[in-house]
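Working notes, beginning with the structure itself.
Within every chain, numbering begins at 1; the chains are lettered A, B, ... in the order of the sequence lines, protein sequences first and strands thereafter. Both backbone and side-chain heavy atoms feed into the values below; hydrogens, waters and symmetry mates do not.
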Number of protein chains: 2
Amino acid sequence: MHPHFSTKERILSAAEELFARHGFAGASLRQVTAAANVNLAAVNYHFGSKDNLINELFRRRLDDLTTRRLEMLAQAEAQPAPTLETILEAFVLPALNLAGDRFGGSAFMRVLARAYAEHDQTLRKFLSENYGHVLKRFAQAIRPLLPDLGKEALYWRLDFVAGALTYAMSDFGAVKRPPGRSEEDHRRQAAREFVRFAVAGLRAPD
Amino acid sequence: MHPHFSTKERILSAAEELFARHGFAGASLRQVTAAANVNLAAVNYHFGSKDNLINELFRRRLDDLTTRRLEMLAQAEAQPAPTLETILEAFVLPALNLAGDRFGGSAFMRVLARAYAEHDQTLRKFLSENYGHVLKRFAQAIRPLLPDLGKEALYWRLDFVAGALTYAMSDFGAVKRPPGRSEEDHRRQAAREFVRFAVAGLRAPD
DNA sequence: CTATCCTTCAAACGCTCGTTTGACCGGACG
DNA sequence: CGTCCGGTCAAACGAGCGTTTGAAGGATAG
């Protein structure tokens, strides 16, 4: 990789870290450009506005993430007898790999958790229009594997699963990484625990 | 709006709604005081600062919530053979009652969801210092009922349970109340679905 | 060489932010 | 009566906000 990062890339990375830490309204463009060692006006030159910078920040990561998720889902469904585990792993593992990305991936996961809590219309509209189909696609894949579950009960539980995943990704919880364990192992452990928990919860008798 | 409420209460309620919608940094004191029909300076007079207003906002709801949770937990443990279901109900029902509170309860749940995404030190420190003991208390109660589960796995799963509950109860979940059903019944149904899901998830093999 | 285009820069534009100030009101109390 | 005092008020404070501007690089093409 080229040792020198472009102005756009440095802005995106700095914004990712600062938005993760202080929120979209809480981190200013002056903080972002200072952290990126870039002139203040560069944001409006390259991205047009702060709102659009936020959109591009999501696009940079989510395009790749959704592609990989749908690829893994297709692989899972191509097998003769798809299991709930493999489908949930298709959802979780790409996010896990992104979170483990060498530069900024985990910061992006925290930004994503903020986006879920965000009720502001602009960002929610952008995300649901561009990436809303992925969740529906996974819901369709899970439905035939839980034939005894009522439609309403399934929706309840998918809500619970989404909440638990978001919560786990935002790294706020009581579980701290033990001193002797690597960050990589900690994430892998989280994914293992999550899939096990979610599968059992979804399979509970109606 | 509600002229018989005190200035402090009107500020807290307006702040709850606006912080839920726009975040702590995204909603200004001018918006809050305008919505509360109160002078701008009233916030600093009654609360000292915006940060402290946020703290008091959490204190108003969480003091009562944790008290009721611990009361119900004590009742569950007083029975000859406590079950996972009754213990989880002690955690869930008070939160659901709060969410269904006639004025502002659901807005507070959305604020709470934002607090989970918040990585800023001030709010996190306040919450963990004042209310962190509750989750530990429930963990102690649940532990003997899941003797085969490792300590770390238990904490992971309680994290998932708390996250699922929080996100399910802020109103951006998929499940809306059907027209023919009362709010009370809807809440009861939600509790049933959640406890069933959470019990199965906790009981998953380690 | 000059001309062109893309990018960077310091400076400034209105505007909104959280907070502070000092005056003013109205009931309580001697 | 006058004094006090918790509460409310309009106004202002300095700082920081997102965005815009116009000039200045710097590489490339003719």
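Look at Glu85(A) and Arg203(A) and you find a salt bridge, because one of the NZ, NE, NH1 or NH2 atoms lies within 4.0 Å of a carboxylate O, short of that distance. Ion pairing between Arg110(B) and Glu17(B) holds under the 4.0 Å rule for side-chain N and carboxylate O. Between Glu16(B) and Arg60(B), at least one side-chain N (NZ, or NE/NH1/NH2) sits under 4.0 Å from a carboxylate O, which counts as a salt bridge.
The CG atom of Asp51(B) sits 14 Å away from the C1' atom of dC17(C) (whole-angstrom rounding). In this structure, Ile54(A) places its CD1 atom 10 Å from P of dT19(D), rounding to the nearest Å. As a whole-Å value, the separation of Gln31(B) CD from dC15(C) C1' is 14 Å. The separation between Lys8(B) atom NZ and dT8(D) atom C1' is 15 Å, rounded to whole Å. For the pair Arg30(A) CZ and dT19(D) P, the computed distance is 11 Å after rounding to whole Å. Rounded to an integer number of Å, the gap from OH of Tyr45(B) to C1' of dT19(C) is 16 Å. Regarding Leu18(B), its CG atom lies at a distance of 12 Å from the P atom of dG18(C), rounded to whole Å. Remark: P of dC17(D) and CZ of Phe24(A) are 17 Å apart, rounded to the nearest angstrom.
With DNA chain C read from its 5' end, the first of the two nearest nucleotides for His46(A) and Leu40(A) is the one closest to His46(A).
Side-chain proximity of Asn39(A) to the nucleotides dC9(C), dT20(C), dG18(D) is greatest for dC9(C). Listed nucleotides: dA10(D), dC17(D), dT21(D). Nearest to the side chain of Ser28(A): dC17(D). With distances taken from any side-chain atom of Asn44(A) to the nucleotides dA12(D), dT20(D), dT8(D), the minimum falls on dT20(D).
In this model, the phosphate group of dG7(D) is not approached by any side-chain N or O of Thr7(B) to a distance below 4.0 Å at OP1 or OP2.
Using a 4.0 Å heavy-atom criterion, one finds that Ala42(B) contacts no nucleic acid atom at all.
Using bins of under 30°, 30° to 60° and over 60° for the plane-to-plane angle, the ring pair Phe126(A)/Tyr131(A) lands in the perpendicular bin. Using cut-offs of 30° and 60° for the angle between ring planes, the Phe58(A) and Phe108(A) rings count as perpendicular.
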